[in-house]
Q: 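Before I ask anything, let me first share the structure, which is written out below as structure tokens.
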Number of protein chains: 2
Amino acid sequence: MITIKEIAKLANVSPGTVDRVIHDREGVSKKTSDRIKAILKEHNFKVNRIAQSLAMKKKYTIAVLLPDYDTENSFWKSPLEGIEKAKEEIRSFGVDVETFSFDQKNPKSYIESFAELLNTNPQGVVVVPTFKKETKNLTDILLQENIPFVFLNIALSGYGNLSFIGQDSFKSGYLSGKLMRLCLNDDDDILTIHSRLNLSNFNNISQRTEGFDYYFKENKLRNTNHYIEIEDFWDTKKVKTNISTFLRREPKIRGIFVPNSRSYIIADHISTLRNSVPFLIGFDLTDHNAQALVDDKITFLISQKPFQQGYRAINSLSRFLLYNTPPSTEILSSIEIVTKENIPDHRQKQHSILL
Amino acid sequence: MITIKEIAKLANVSPGTVDRVIHDREGVSKKTSDRIKAILKEHNFKVNRIAQSLAMKKKYTIAVLLPDYDTENSFWKSPLEGIEKAKEEIRSFGVDVETFSFDQKNPKSYIESFAELLNTNPQGVVVVPTFKKETKNLTDILLQENIPFVFLNIALSGYGNLSFIGQDSFKSGYLSGKLMRLCLNDDDDILTIHSRLNLSNFNNISQRTEGFDYYFKENKLRNTNHYIEIEDFWDTKKVKTNISTFLRREPKIRGIFVPNSRSYIIADHISTLRNSVPFLIGFDLTDHNAQALVDDKITFLISQKPFQQGYRAINSLSRFLLYNTPPSTEILSSIEIVTKENIPDHRQKQHSILL
DNA sequence: CACAACTTCGTGTGCGCACACGTAAAAATA
DNA sequence: TATTTTTACGTGTGCGCACACGAAGTTGTG
């Protein structure tokens with residue numbers, strides 16, 4: 001690893017001059033600049049990030065705004081863990097991360113938390129733009145103050161965000177369609193179960209459904225897809241009778257598609273019914289869903305690697321702040337197929353060289 | 001982030017003394033040592049890895065011994081790329097990586113490359129222990145010289161290796177069984193196609209087969225599983241007629257299981273036959289296999305994340321050398337199910353904060 | 001009591017880089 | 001020509017840490 005000092009010696013200048021050239025600062029004649037640039041290229045000079053971050057005294061704060069989670073809906077736990085991991089890693093680089101949360105069902109708490117967030121004067125923001133309209137007002141402030149921000153999990157366009165970190169929902173639905181077809185025979189029916197309450201994540205879920213349907217349409221498959229919409233997933237009794245009567249009426253249903261992270265509820269219901277259904281495809285590897293998978297109540301879970309998404313959001317924004325390298329506008333995590341047989345071992349942690 | 005200097009001030013000692021306590025070096029009285037330890041704990045002190053690696057002048061060399069690859073069998077390309085990525089990342093930490101390769105079919109080249117490798121006086125070794133007997137002699141030298149080494153991809157026990165980085169082959173075969181069952185009806189037959197030439201990777205492949213068979217046995221499924229062993233996968237004509245006649249004789253076969261990375265060859269053959277087979281499960285996401293997947297000639301590929309394996313091998317060994325933190329004895333990468341619909345986008349690169 | 005040997009601790013330097021500051025020489029202006 | 005201004009560079013310091021060196025204070029030995 002060639003150093004600035006060595007380059008300086010080769011070019012018969014001082015390290016300071018080389019430093020100026022590297023950072024495109026003014027105060028160097030064209031002639032020497034060109035000479036130094038040539039030498040840099042020749043020796044394939046790369047700044048030592050280690051030394052660089054030690055020398056850079058500039059501090060950054062990244063603020064994160066996530067929906068909060070509880071035991072019943074723990075989806076947002078994983079992204080948060082990914083964020084925490086990234087936070088630990090980049091601490092020594094002078095980047096601090098502050099996390100704020102809000103109630104998914106309450107736009108007001110979203111706005112309030114955002115205001116609180118702004119008070120910390122962050123140099124970068126990660127936000128899950130759950131509420132479309134409210135987001136516009138808030139991101140406009142960020143644009144005005146020239147604070148870069150990225151969207152996590154929910155893709156909105158035309159808001160001026162630096163990047164979107166999430167999944168391709170349509171594609172994941174399309175994949176679900178393929179998996180469903182592989183399980184079913186040509187004349188089996190399908191049941192898609194929606195939740196009417198998932199307004200905040202509406203985009204992702206409807207795109208999953210579209211992708212799913214498109215798979216069958218594109219391949220000219222003639223399986224009938226029934227739909228039911230459930231008002232309240234938590235009203236156990238009602239959900240149960242609801243589904244039960246539906247299944248009795250439609251005995252050809254052999255596959256159930258639940259395009260949200262509450263699949264385990266449906267799975268638990270189904271498994272207690274007499275007229276059970278062999279195949280169920282759900283989304284997101286939450287603890288509850290994982291349990292249902294292990295108990296053979298769910299066939300496939302489609303995971304979007306939420307941990308990685310959180311991690312990457314922080315990572316890409318940090319790289320932008322530190323090195324001014326903009327991330328790609330879309331960072332899509334891989335769509336993972338999880339079955340009982342390949343559930344990732346949660347104990348296995350990957351350690352970074354930095355920790 | 002509290003620094004050593006600050007801790008020193010709090011404890012009324014010099015930074016040097018704190019440094020001694022942190023590294024358990026001698027020369028500090030029990031009394032002050034305890035006091036300092038308490039303060040360190042109280043303030044949750046963590047060494048700044050950035051500054052540490054800059055200050056540490058000790059240099060390490062890790063030597064890697066991999067099978068080489070060509071266009072026909074490109075399996076080892078991915079691990080190598082993972083190794084290269086890790087190499088770039090840890091360069092500034094004073095760890096260098098040197099790669100050596102050998103011919104998978106030639107034990108002599110294995111021994112020779114190993115000898116060459118030893119000449120570079122590495123402080124750590126990553127090796128794919130393709131040849132069992134030969135490996136024993138060579139790792140004994142490493143043990144004698146107290147050079148830590150990890151096994152990549154092939155698990156041998158009783159060799160004194162620091163860690164094994166790879167996959168759980170049995171489990172991946174078991175998973176294949178599950179996927180196959182989901183696709184098939186109760187009275188469909190299966191064909192498992194072995195390659196007699198895969199001696200060097202024999203362990204992994206036979207374990208896959210065992211896992212596959214075990215799934216059907218455990219679940220008391222009565223699908224008949226036929227086996228054929230092919231001498232030379234490259235003898236196109238012979239393979240084709242071979243399989244063709246077999247399939248004609250056994251018209252109930254609707255699923256094919258190929259427990260090695262050459263599935264694409266079988267897939268290509270099958271697709272040209274009149275009596276085609278709908279489901280094919282293979283292993284490893286090589287370029288050829290990916291193409292066959294895209295062309296709908298393969299249903300599922302089981303991937304072992306070879307890139308990550310290479311990366312992790314270097315990473316864990318580096319952590320051991322730098323920080324003396326031993327990795328877990330088994331680092332098993334997740335077993336990934338890949339279909340045409342969720343093939344990972346190869347262009348999407350994940351950038352570390354270090355690069 | 002003198003001197004050695006050991007214990008316990010402080011000091012100084014440098015890793016590679018960013019950046020503020022200083023200083024010559026060249027160019028512009030009076 | 002004398003001066004100010006500008007251009008083009010060199011120098012020095014510190015980021016947090018590891019580690020070599022040295023200097024007190026303490027104990028042991030004759």
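Residue numbers start from 1 in every chain, and the chains themselves are labelled A, B, ... in the order their sequence lines are given, proteins ahead of strands. Here the structure is a predicted model, which is why all the values come from computation and not from measurement.
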Q: Rounded to the nearest Å, what distance is computed from the NZ atom of residue A:Lys58 to the C1' atom of nucleotide C:dA18?
A: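 Atom NZ in A:Lys58 sits about 11 Å away from atom C1' in C:dA18.
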
Q: Side-chain contact test, heavy atoms from C-beta onward, threshold under 4.5 Å: evaluate it for A:Glu98 versus A:Ile62 and give yes or no.
A: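 No, their side chains stay 4.5 Å or more apart.
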
Q: Both conditions, 6.0 Å and 45 degrees, for the charged tip of B:Arg319 above the ring of B:Phe93: are they met here?
A: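 No, B:Arg319 does not sit over the ring of B:Phe93.
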
Q: Does one side chain, of B:Arg49 or B:Gln52, offer a donor that lies under 3.5 Å from an acceptor on the other?
A: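 Yes.
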
Q: How are the rings of A:Tyr311 and A:Phe307 set relative to one another: parallel (under 30°), tilted (30 to 60°) or perpendicular (over 60°)?
A: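 Correct class here is parallel.
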
Q: Is the side chain of B:Gln308 donor-acceptor paired with the backbone N or O of B:Lys305 at a distance under 3.5 Å, no angle test?
A: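 Absent.
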
Q: Return a single string for nucleotides 7-17 of chain D, one symbol per nucleotide in 5' to 3' order, where B is base contact, S is sugar-phosphate-only contact and - is none, cutoff 4.0 angstrom on heavy atoms.
A: -BBBB--BBBB

Q: Which whole-number value in Å describes the distance from B:Arg35 CZ to C:dC9 C1'?
A: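 Atom-to-atom, B:Arg35 to C:dC9, this comes out as 11 Å.
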
Q: To the nearest 10 degrees, how far apart in direction are the end axes of the helix from C:dC1-D:dG30 to C:dA27-D:dT4, each fit to five base pairs?
A: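 Result, rounded to 10 degrees: 60°.
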
Q: Is there a side-chain contact between A:Pro148 and A:Phe320, using heavy atoms and a 4.5 Å cut-off?
A: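 Contact flag for A:Pro148/A:Phe320 side chains = yes.
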
Q: Nearest whole angstrom, please: distance from the C1' of D:dA18 to the OH of B:Tyr323.
A: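 So the OH-C1' distance, B:Tyr323 to D:dA18, works out to 14 Å.
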
Q: Would you say the side-chain atoms of A:Arg35 pair up with the backbone N or O of A:Ala11, donor to acceptor, closer than 3.5 Å?
A: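 Checking the backbone N and O of A:Ala11 against the side chain of A:Arg35, a donor-acceptor pair under 3.5 Å is found.
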
Q: Nearest-Å distance, CZ (B:Arg25) to P (C:dT8)?
A: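 Between P of C:dT8 and CZ of B:Arg25: 16 Å.
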
Q: Verify the distance criterion only: is there a donor paired with an acceptor across the side chains of B:Asn153 and B:Gln304 at less than 3.5 Å?
A: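 The criterion, which ignores hydrogens and geometry beyond distance, is satisfied for B:Gln304 and B:Asn153.
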
